[in-house]
Amino acid sequence: MKVAIGSNNPAKYKAVLEALDQLDILYTWSSHEVDSGVSAQPLSDEETVKGAIQRARSTLDESGADIAIGLEGGVVLDEGSKVMVCNWGALVDRAGREFIAGGARIPLPDYFRVHIEQGVELGDLMEQYCNRDGIRKHEGALGIFTNGAVSRIEMFKHVCLILIGQWQYNMNKKN
């Protein structure tokens with residue numbers, strides 16, 4: 001099976017590959033840097049889902065693969081003071097089927113809200129907060145704020161397992 005991934009971010013494509021390996025799926029893969037069609041920092045579940053779907057659709061069109069997976073990270077600003085990390089994925093196939101799945105969410109420190117409302121991306125905030133580069137390509141905010149218990153790769157892998165499982169179920173059902 002040919003699988004295309006809608007990002008060149010190592011945290012995202014490693015998550016897809018680990019999920020495929022865990023499920024013992026034989027595959028070839030490619031990654032494609034595609035536009036999510038949403039803001040650089042999605043600010044809601046809806047916008048984050050839209051970005052994941054757009055990545056998957058664009059990647060399928062560009063790649064010629066059997067399936068494409070798009071992964072998108074965002075934040076949700078609640079009506080109180082909390083900022084929550086959100087993560088969504090989408091899988092699309094050549095038959096036009098689309099599946100979505102969401103990942104873990106945790107609150108971020110309160111001081112992040114004002115910066116996010118001013119348009120600063122979470123990845124940039126995390127680099128400032130931790131005083132190092134590349135967090136979005138490795139453990140992500142989730143990894144930092146869970147003290148390494150769950151990395152961004154592991155969280156996106158879980159999303160990919162749900163996506164692939166939904167797709168397999170749909171392929172195998174008798175209707």
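Gln54 and Ser58 are linked by a side-chain donor-acceptor pair at a separation below 3.5 angstrom, with hydrogens and angles left out of the test.
When atom types are taken as modelled, the side chain of Glu139 and the backbone of Gly148 share no donor-acceptor pair closer than 3.5 angstrom. For the pair Arg94 (side chain) and Leu60 (backbone), a donor-acceptor distance under 3.5 Å is present. Panel note: side chain Lys12, backbone Leu71; a donor-acceptor pair is recorded below 3.5 Å. Listed for the Gln41 side chain is no donor-acceptor partner under 3.5 Å among the backbone atoms of Val120. At distances below 3.5 Å, at least one donor-acceptor pair connects side-chain atoms of Asp66 with backbone N or O atoms of Lys2. Between the side chain of Asp93 and the main chain of Gly96, a donor-acceptor pair closer than 3.5 Å is present. The main-chain N or O of Val49 is never found under 3.5 Å from a side-chain atom of Glu72 such that the two would form a donor-acceptor pair. At distances below 3.5 Å, not a single donor-acceptor pair connects side-chain atoms of Arg152 with backbone N or O atoms of Gly143. Checked by atom type and distance alone, the side chain of Asn9 pairs as donor or acceptor with a backbone atom of Arg136 at under 3.5 Å.
Ile162 and Ile25 are not part of a single hydrophobic cluster, where members link through side-chain heavy atoms under 4.5 Å apart. The hydrophobic cluster containing Val114 does not contain Leu125, counting ILVMFWY residues as joined when their side-chain heavy atoms lie under 4.5 angstrom apart, directly or transitively. Linking Ile, Leu, Val, Met, Phe, Trp and Tyr residues whenever their side-chain heavy atoms come within less than 4.5 Å places Ile144 and Leu122 in a single cluster. Hydrophobic cluster membership is shared by Val159 and Ile5, with clusters built from Ile, Leu, Val, Met, Phe, Trp and Tyr side chains linked at under 4.5 angstrom. Under the 4.5 Å side-chain heavy-atom criterion for grouping Ile, Leu, Val, Met, Phe, Trp and Tyr, Ile100 is not connected to Val92 through any hydrophobic cluster.
Here the side chains of Val38 and Thr48 are not in contact, with every heavy-atom distance at 4.5 Å or above. Looking only at side-chain heavy atoms (C-beta outward), Val3 and Thr28 stay at 4.5 Å or farther from each other. Taking the side chain as every heavy atom from C-beta outward, Gln166 and Leu163 approach each other to under 4.5 Å. Within the 4.5 Å cutoff, side-chain heavy atoms of Ile116 are placed close to those of Leu43. Side-chain atoms of Glu47 and Trp88, non-hydrogen and from C-beta on, never get closer than 4.5 Å to each other. Arg55 places a side-chain heavy atom less than 4.5 Å from the side chain of Glu33.
Residue Leu91 holds its CG atom at 11.5 Å from CD1 of Ile53, rounded to the nearest 0.5 Å. Interatomic distance, NZ of Lys157 versus CD1 of Ile153, reported as 10.5 Å (0.5 Å rounding). Between the CD1 atom of Ile67 and the OH atom of Tyr27 there is a distance of 11.0 Å, given to the nearest 0.5 Å. Taking SG of Cys130 as the start and CZ of Phe145 as the end, the distance is 6.0 Å to the nearest 0.5 Å. The OH atom of Tyr13 sits 13.0 Å away from atom NE2 of His32, with the distance rounded to the nearest 0.5 Å. Put simply, CD1 on Ile135 and CD on Gln128 are 10.5 Å apart, with the number rounded to the nearest 0.5 Å.
Between Lys82 and Asp110, at least one side-chain nitrogen of the basic residue sits less than 4.0 Å from a carboxylate oxygen of the acidic one, meeting the salt-bridge criterion. Classification of Glu18 and Lys14 as a salt-bridged pair fails, no side-chain N sitting under 4.0 Å from a carboxylate O.
In terms of heavy atoms, Ser151 sits closest to Leu142 at O-CD2, 4.1 Å. Heavy atoms only, all atoms of each residue included: Ser31 and Ser7 are closest at CB-O, 3.2 Å. Ser44 and Cys86 get closest at one heavy-atom pair: O-SG, 4.2 Å. Nearest heavy-atom pair, Phe156 versus Gly73, reported as atom, atom and distance to 0.1 Å: CZ-N, 4.1 Å. Here the shortest heavy-atom pairing between Ala68 and Ala56 reads CB-O, 3.3 Å.
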Going through the distances and angles, do Trp29 and Val16 end up as a side-chain contact (heavy atoms from CB on, under 4.5 Å)? CA-CA 10 Å; Trp29 69 281; Val16 175; over 6 Å; no

For His138 and Arg132, run side-chain contact (heavy atoms from CB on, under 4.5 Å): C-alpha distance rounded to whole Å, both residues' side-chain angles, the deciding distance at 0.1 Å, then the answer. CA-CA 12 Å; His138 300 288; Arg132 64 185 171 90; 6.0 Å; no

Go through it in stages, so that I can follow the logic: the residues are Ile164 and Gln22, the test is side-chain contact (heavy atoms from CB on, under 4.5 Å), and I'd like the CA-CA distance, side-chain angles, deciding distance and then a yes or no. CA-CA 11 Å; Ile164 297 164; Gln22 181 176 324; over 6 Å; no

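Taking a 6.0 Å sphere around NE2 of His158, one finds it holds 12 or fewer heavy atoms contributed by other residues, nucleotides or ligands.
Ring pair Phe99/Tyr169: centre-to-centre distance not below 6.0 Å.
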